[in-house]
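Here is the structure we will look at.
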Amino acid sequence: MNTQGLQAGKGLATGRFASGAVGLATVFAHTPLRQALAQEQTSAEEAFASSRHWASQIRSYASKSLNSDEALSVAVIPLNGPGIEQYVNADTLMSPGSIMKLVTTYAALELLGPTHHWNTDFLTDGMMVGDSLKGNLYVRFGGDPKLTLERLWSTLRELKSMGINRIEGDLVLDGSYFRVDGGFPAFEDNGDNPHAPFLVEPSGYLTNLNLLHFQVRADERGTQAWTTPDLGEVSIDNRVTALPEGPCPARSRFDWEPVFHENHQVTVRVTGQLPQGCRSTTYLSLLPHERYSASVIRSVLSEMGIIISGGDRFEGTPEDARLIMRTTSPDLVSMVRDINKWSSNVMARQMLLTIGAEFRKEDDKDDRVAGIRTVYEWLENMGINTAGMVIDNGAGLTRHGRITARQGAQILQQAWDSPYASDLMASMPIIAMDGTMARRLRNTGMDGEGRIKTGYLENVRSIAGFTRDDNNTTWAIVGMVNNDPAWNGQAVLDRVLYSLHFRPPVGMTLSQSTDENPASSIQ
């Protein structure tokens with residue numbers, strides 16, 4: 001503070017009040033300090049006024065873009081710096097889409113722990129004699145969300161290394177790890193493709209995400225089509241025509257049509273035109289989980305030259321069966337990353353069932369219901385009001401799921417203080433860089449400035465996660481658009497992220513002191 005100015009002010013104040021007041025104003029009006037304080041005061045008032053208008057500006061923009069005052073719901077909360085919480089229709093229950101996966105994965109990190117693993121055991125009730133296993137081969141599944149073809153191959157390869165070339169017994173699959181009472185609520189999809197990967201349901205028998213990878217390639221010999229894994233129940237009717245070299249067409253130019261036969265065989269007819277040197281692919285889920293898993297295991301063993309003489313059975317494992325091999329999944333943190341980066345529905349649903357299986361009560365008959373109850377109890381113990389919230393299946397692939405933006409933001413606020421905050425954040429897509437955010441907000445100066453989970457359903461667009469403003473304050477943000485149609489909801493939510501980054505509702509201003517030793521101050 002300018003002490004000379006203060007002394008002058010004191011002296012003037014000893015005279016008549018009027019002249020003293022005028023004199024004080026005159027002195028301060030000509031000092032650099034007075035000018036700096038006035039400028040800072042103006043900036044602070046403008047910043048506070050701007051913060052009060054942030055929500056109303058977002059509301060106004062959304063109203064014009066969506067032709068509705070109620071289609072957008074937003075909640076933003078500053079976590080580690082200056083800022084004012086902002087809410088737009090934040091207590092309205094909305095359909096969240098895939099941002100519900102953040103609730104499931106955060107709950108899994110806290111309830112199961114980041115080092116949780118899933119085991120798949122291979123056992124027998126027989127004996128190894130020479131190059132034969134004289135007995136049944138049991139596969140006891142443990143609910144692994146990502147038991148891949150590669151892991152199956154490396155594990156079953158151990159049989160070959162043991163010198164086993166023949167299994168004189170049945171292949172018995174045990175999928176009893178999960179309790180499921182009557183199946184799962186149906187999701188009515190309008191994509192006219194019931195075999196799409198995102199529609200795969202969870203299962204105690206889940207292997208390789210229950211998917212078949214179909215490919216067709218054109219070269220000088222014509223066209224060749226194949227599937228991975230190569231299953232005996234599935235064949236390809238290749239009707240793709242080879243063309244001379246040229247631009248490779250989009251996948252949408254090809255039609256993969258499955259034809260189901262009474263003997264449980266499936267023929268996939270593929271049509272289209274493919275220039276030489278080009279390839280087209282698709283993924284389909286065509287077989288029930290237990291049939292798919294049995295066929296995959298038989299296919300892998302056959303490639304190794306191991307023959308199973310018996311048939312397939314689906315039942316529990318005897319208590320006296322002996323463990324031969326085991327494959328252990330990557331830890332839960334790796335699973336959470338796969339779920340959130342690429343929005344895997346089946347893995348998220350498998351995760352919710354795992355929570356239910358690990359915390360089920362004695363009389364629980366359905367692990368989905370047990371998992372939902374466990375997550376609700378966990379949220380309420382953290383002080384989250386779960387009134388009206390509907391988790392349904394843990395993935396957001398539902399028409400019934402509901403959450404408010406305020407509830408979602410409060411959950412993220414809790415996650416920010418969790419010991420596993422970094423694990424959850426690392427699992428989210430990075431703005432303009434990877435995952436489901438790779439193509440969004442490019443060339444806006446926001447590359448890498450946030451980790452945002454996205455959601456997409458018919459008439460639903462959503463975002464949830466953490467983003468930084470240009471003062472390096474991190475905000476928890478949840479935004480949902482429920483509108484018919486919601487095709488421009490993504491643009492509205494991107495505008496919310498952009499505005500929060502470049503014009504955050506701070507209500508404060510960072511200023512430079514006019515002292516000889518400059519220092520930042522907050523007004």
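Below, each value reflects all heavy atoms present in this structure, side chains not excepted, and no hydrogens, waters or symmetry copies. Position 1 is the first residue of the sequence; numbering continues from there.
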**Message:** Checking S98 against S343: is there a side-chain donor and acceptor pair closer than 3.5 Å?
**Reply:** yes
**Message:** Can you see whether S344 engages D338 through a side-chain donor-acceptor pair at a distance of less than 3.5 angstrom?
**Reply:** no
**Item:** D237 with R269: basic N within carboxylate O range, under 4.0 Å
**Value:** yes
**Fill in**
Rounded to the nearest 0.5 Å, the CZ atom of R298 sits from the CD1 atom of I167 at a distance of 8.5 Å
**Message:** Using side-chain contact (heavy atoms from CB on, under 4.5 Å), reason through L379 and M389 one step at a time and then give a plain yes or no.
**Reply:** CA-CA 11 Å; L379 289 172; M389 187 186 301; 3.8 Å; yes
**Asked** Got a sec: does the CG of D192 have more than 12 other heavy atoms crowding it under 6.0 Å?
**Response** no
**Asked** Can any side-chain N or O of N208 pair as donor or acceptor with the backbone N or O of L149 at less than 3.5 Å?
**Response** yes
**Asked** OH of Y283: more than 12 outside heavy atoms within 6.0 angstrom?
**Response** no
**Message:** Using side-chain heavy atoms (C-beta onward) and a distance below 4.5 Å, is N340 in contact with L424?
**Reply:** yes
**Prompt:** Parallel, tilted or perpendicular: which describes the rings of F260 and H195, with under 30° parallel and over 60° perpendicular?
**Reply:** tilted
**Prompt:** R451 versus M433: any side-chain heavy-atom pair under 4.5 Å?
**Reply:** no
**Message:** Between D494 and R440, does any side-chain N to carboxylate O distance fall below 4.0 Å?
**Reply:** yes
**Message:** If you define the side chain from C-beta out and look only at heavy atoms, does anything of H264 sit under 4.5 Å from R291?
**Reply:** no
**Prompt:** Is any side-chain heavy atom of L206 closer than 4.5 Å to a side-chain heavy atom of F141?
**Reply:** no
**Asked** So, do V375 and T104 sit near enough that their side-chain heavy atoms are less than 4.5 Å apart?
**Response** no
**Request:** Would you check if there is a donor-acceptor pair between the side chains of Y138 and D174 at a distance under 3.5 Å?
**Result:** no
**Pair T115, D331: side-chain N/O donor-acceptor within cut-off below 3.5 Å** = no
**Request:** For the residue pair Y106 and W378, categorise the inter-ring angle as parallel (less than 30°), tilted (30 to 60°) or perpendicular (more than 60°).
**Result:** perpendicular
**Prompt:** Under 4.0 Å between a Lys/Arg side-chain N and an Asp/Glu carboxylate O for D367 and R179?
**Reply:** no
**Prompt:** E449 versus L441: any side-chain heavy-atom pair under 4.5 Å?
**Reply:** no
**Fill in**
Distance col, row I463:CD1 vs L497:CG, nearest 0.5 angstrom, shows 3.5 Å
**Item:** CZ-OG1 distance between R217 and T223, expressed to the nearest 0.5 angstrom
**Value:** 11.0 Å
**Prompt:** Is it the case that R368 places NZ or CZ above or below the six-membered ring of F184, under 6.0 angstrom from the centre and within 45 degrees of the axis?
**Reply:** no
**Prompt:** About how many Å separate CZ of R251 and OG1 of T282, when rounded to the nearest 0.5 Å?
**Reply:** 6.5 Å
**Prompt:** Looking at D392, N482, I391, V390, which one forms a side chain to side chain contact (heavy atoms under 4.5 Å, CB included) with R402?
**Reply:** V390
**Message:** Which residue is it: Q350, E201, K101? I am looking for the one with a side chain to side chain donor-acceptor pair (under 3.5 Å) to N345.
**Reply:** K101
**Asked** Hey, does the side chain of D125 reach the backbone of N136 with a donor-acceptor pair shorter than 3.5 angstrom?
**Response** yes
**Message:** Out of the candidates F254, W226, W256, only one should pair with F214 under the ring pair (Phe, Tyr, Trp, His ring centres under 6.0 Å) rule; please name it.
**Reply:** W256
**Prompt:** Within a radius of less than 6.0 Å around NZ of K160, do more than 12 heavy atoms belonging to other residues, nucleotides or ligands occur?
**Reply:** yes
**Request:** Supply the atom-to-atom distance R313 CZ to D170 CG, rounded to the nearest 0.5 angstrom.
**Result:** 4.5 Å
**Message:** Before you tell me yes or no, could you show the steps for L231 and V296 under side-chain contact (heavy atoms from CB on, under 4.5 Å), namely the whole-Å CA-CA distance, both residues' side-chain angles and the distance that decides it to 0.1 Å?
**Reply:** CA-CA 7 Å; L231 306 186; V296 166; 3.9 Å; yes
**Message:** Is any side-chain heavy atom of W118 closer than 4.5 Å to one of L332?
**Reply:** yes
**Request:** Spell out, as yes or no, whether a donor-acceptor pair under 3.5 Å connects the side chain of N393 to the backbone of G396.
**Result:** yes
**Prompt:** Could you walk me through whether Q407 and V478 pass the side-chain contact (heavy atoms from CB on, under 4.5 Å) check?
**Reply:** CA-CA 9 Å; Q407 288 170 332; V478 173; over 6 Å; no
**Item:** Side-chain H-bond candidate by donor/acceptor type, R151 with T327, under 3.5 Å
**Value:** yes
**Request:** Take S427 and K453 through the test side-chain contact (heavy atoms from CB on, under 4.5 Å) and record every step on the way to the result.
**Result:** CA-CA 9 Å; S427 75; K453 179 76 192 75; over 6 Å; no
**Asked** Would you call R221 and D219 a salt bridge, taking side-chain N to carboxylate O under 4.0 Å as the test?
**Response** yes
**Side-chain heavy-atom pair L102, I411 within 4.5 angstrom cut-off** = no
**Prompt:** Taking NZ, NE, NH1 and NH2 as the nitrogens, is one of them in R166 or D131 under 4.0 Å from a carboxylate oxygen of the other?
**Reply:** no
**Request:** Report the relative orientation of the aromatic rings in F198 and F187; use parallel for angles under 30°, tilted for 30 to 60°, perpendicular for over 60°.
**Result:** perpendicular
